[in-house]
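Data block below; observations after.
Just so you know, ligand 1 is whichever comes first in the structure, and atom 1 is the first atom listed for that ligand. Hydrogens, waters and symmetry mates play no part in the numbers below; they use all other heavy atoms, side chains included.
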Amino acid sequence: MIPITKVEIAPETEALVLNVLRSGQLAQGAVVAELETLFAKVHEVNHAVAVNNGTTALVLAMQALGIRAGDEVITTPFTFVATLNAILEAGATAVFADIGDDYNIDPRMVAPLVNERTKAIMPVHLYGYMADMGALQQIATEHRLHIVEDAAQAVGADYHGTKAGGTGTGCFSMYATKNISTGEGGMVTTNSDELDDQLRLLRNQGMRARYQYEAAGHNYRLTNLAAAVGIPQIGRISEINAARQTNAAALRAGLADIDGILLPAETKEGQTHVYHQFTIRVLPGGKLSRDEFVDTLIEEGVGCGVYYPKVVFDYDCYRDDKRVKPAEVPKATTIASEVVSLPVHPFLTEQELETICSTVKKVLS
Ligand SMILES: *Cc1c(COP(=O)(O)O)cnc(C)c1O
């Protein structure tokens, strides 16, 4: 079986983790601070604030920006559920703008949704490809909105010289299968000193000095133990992403002339795709339905996954929630019924890449 993701922790990690164990300082401390410094440098931002996962990164960002109950956040309907859950956790209302062929929020769909309650736009850089930040920034500036980037899948991605997390407040995940992994972990990036201060305050119970509380905060801290796992990876992030890009190029070439599928949209000039996922569309009317295609591919030994099978608000648990505003999103609905992600992780061999392509061809012809 060729797995859809593979986690291999570099041997040099072991000594770093052992050092933390022997230091006795397992919780947030100097190693977390070191990871933050490296993370900020890679994303060319002034500050990176480590947290315990990507979902809390989103919640923390919104709270630090003062987003609260009654405020509306415009986001994409085609995302992992954490995007929506974080908006609800912050007490805000989620409003959805349809997506484009790049699988990301379509800025043209955002502007008509803005009203006096709108406080932020939350694009998701899905699969590692950044949303159209130039157009979104224009809307945000015009209407004085915050941008909170769900960059969970986009560590190291670039949009015309600005890294993911560098336009608005950036929220990253370091979950086990993300491009950088600390098992569980997250990061918030900002260029604002003031916001950095708020993020650090709210991460740690709203506590400025010991038992001096300035706000009702949280415990969203990352551990030194987890940070030690991330340090060698952030150091090699361009290598890790380059391996994914090379694999994506091989998949593009190998799948180019197969009928009934659409490859991911070509990367636009000035934008890098860090291929957290390589996601094709299986068009209706072909030999196999999307779900049959997935089952057959797995039977043939090629791991694959559907990210995500439905638009994010289309579940019973959100049906009666007034803070979840369902919307007509025909593009996202169609795309959710067609997507399949193929293995693109950095540990694929040339032989495995060939097998993936030939198997896709075989099952569809
Ligand atoms: C992984 C992910 C998150 C949440 O990150 P966790 O670390 O799992 O909490 C949020 N948004 C998107 C798009 C993700 O892929």
Side-chain angles (χ1 to χ4, degrees), residues 4-5 7 32 35 39 48-63 73-90 92 94 96-97 99 102-105 120-131 133 136 147-157 164-165 168-189 199 203 218-223 226-227 229-230 233-234 241 244 264 273-279 305-313 315 318 332 335-336 339 341 344-345:
I4 177 96
T5 92
V7 180
V32 170
L35 181 65
F39 202 95
V49 179
V51 290
N52 55 348
N53 61 65
T55 311
T56 52
L58 290 163
V59 175
L60 185 65
M62 283 183 277
Q63 291 193 337
V73 177
I74 301 173
T75 191
T76 166
F78 191 51
T79 182
F80 180 53
V81 74
T83 314
L84 171 56
N85 285 342
I87 293 170
L88 299 179
E89 177 84 20
F96 301 95
I99 61 173
D102 62 356
Y103 303 126
N104 283 325
I105 196 166
I121 306 171
M122 185 180 286
V124 178
H125 305 318
L126 201 70
Y127 308 140
Y129 190 64
M130 286 177 68
M133 297 310 287
L136 292 173
I147 292 182
V148 179
E149 301 175 60
D150 183 339
Q153 304 184 358
V155 172
T169 309
C171 301
F172 295 84
S173 168
M174 300 184 290
Y175 177 65
T177 59
K178 298 285 156 76
N179 286 25
I180 281 190
S181 163
T182 57
E184 298 278 4
M187 202 65 84
V188 185
T189 56
L199 292 165
R203 170 177 69 174
H218 308 276
N219 173 1
Y220 284 169
R221 298 182 303 261
L222 188 69
T223 63
V229 179
Q233 295 174 60
I234 195 75
N241 286 341
R244 288 177 174 273
H273 198 319
V274 297
Y275 289 102
H276 174 61
Q277 300 290 355
F278 184 90
T279 303
V306 173
Y307 312 109
Y308 299 92
K310 292 209 285 183
V311 295
V312 72
F313 55 79
Y315 291 87
Y318 300 117
I335 286 179
V339 285
S341 299
V344 72
H345 65 75

Does an N or O from F80, backbone or side chain, lie closer than 3.5 Å to an N or O of ligand 1?
-> no

Give the atoms of ligand 1, by number and element, whose distance to some non-hydrogen atom of [X] is under 4.0 Å.
X    : value
A82  : 3 (C), 4 (C), 10 (C)
A152 : 2 (C), 3 (C), 10 (C), 11 (N), 12 (C), 14 (C), 15 (O)
T79  : 13 (C)

Check side-chain contact (heavy atoms from CB on, under 4.5 Å) between F80 and all other residues, then give those that pass, not counting sequence neighbours.
->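 side-chain contact (heavy atoms from CB on, under 4.5 Å) list for F80, sorted by chain: A82, Y308.
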
S341 and T279: side-chain donor and acceptor closer than 3.5 Å?
-> yes

The single option from E149, Q153, H273 passing side-chain hydrogen bond (donor to acceptor under 3.5 Å, both in side chains) against H125 |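 Among E149, Q153, H273, the one that satisfies the side-chain hydrogen bond (donor to acceptor under 3.5 Å, both in side chains) with H125 is E149.
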
Would you say D102 and Y129 make side-chain contact, with heavy atoms under 4.5 Å?
-> yes

Considering only heavy atoms from C-beta outward, does the side chain of P123 approach that of L136 to under 4.5 Å?
->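 SC-SC contact between P123 and L136 confirmed.
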
Protein heavy atom at shortest distance from [atom]:
atom                    : answer
atom 15 (O) of ligand 1 : Q153 NE2, 2.8 Å
atom 1 (C) of ligand 1  : K178 NZ, 1.5 Å
atom 9 (O) of ligand 1  : T55 OG1, 2.6 Å
atom 11 (N) of ligand 1 : D150 OD2, 2.8 Å

Flag this pair as yes if the NZ/CZ of K178 is under 6.0 angstrom from the six-membered ring centre of F172 and inside a 45 degree cone about the axis; otherwise no.
->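 No, a cation-pi geometry is absent between K178 and F172.
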
What do we get for V124 next to ligand 1 when only non-hydrogen atoms under 4.0 Å count, side chain, backbone, both or neither?
-> side chain

What part of L126, side chain, backbone, both or neither, has a heavy atom within less than 4.0 angstrom of ligand 1?
-> neither

Identify the two heavy atoms, one from A94 and one from L84, that lie closest to each other, and give their separation to 0.1 Å.
->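 Minimum heavy-atom separation between A94 and L84: CB-CD1, 3.6 Å.
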
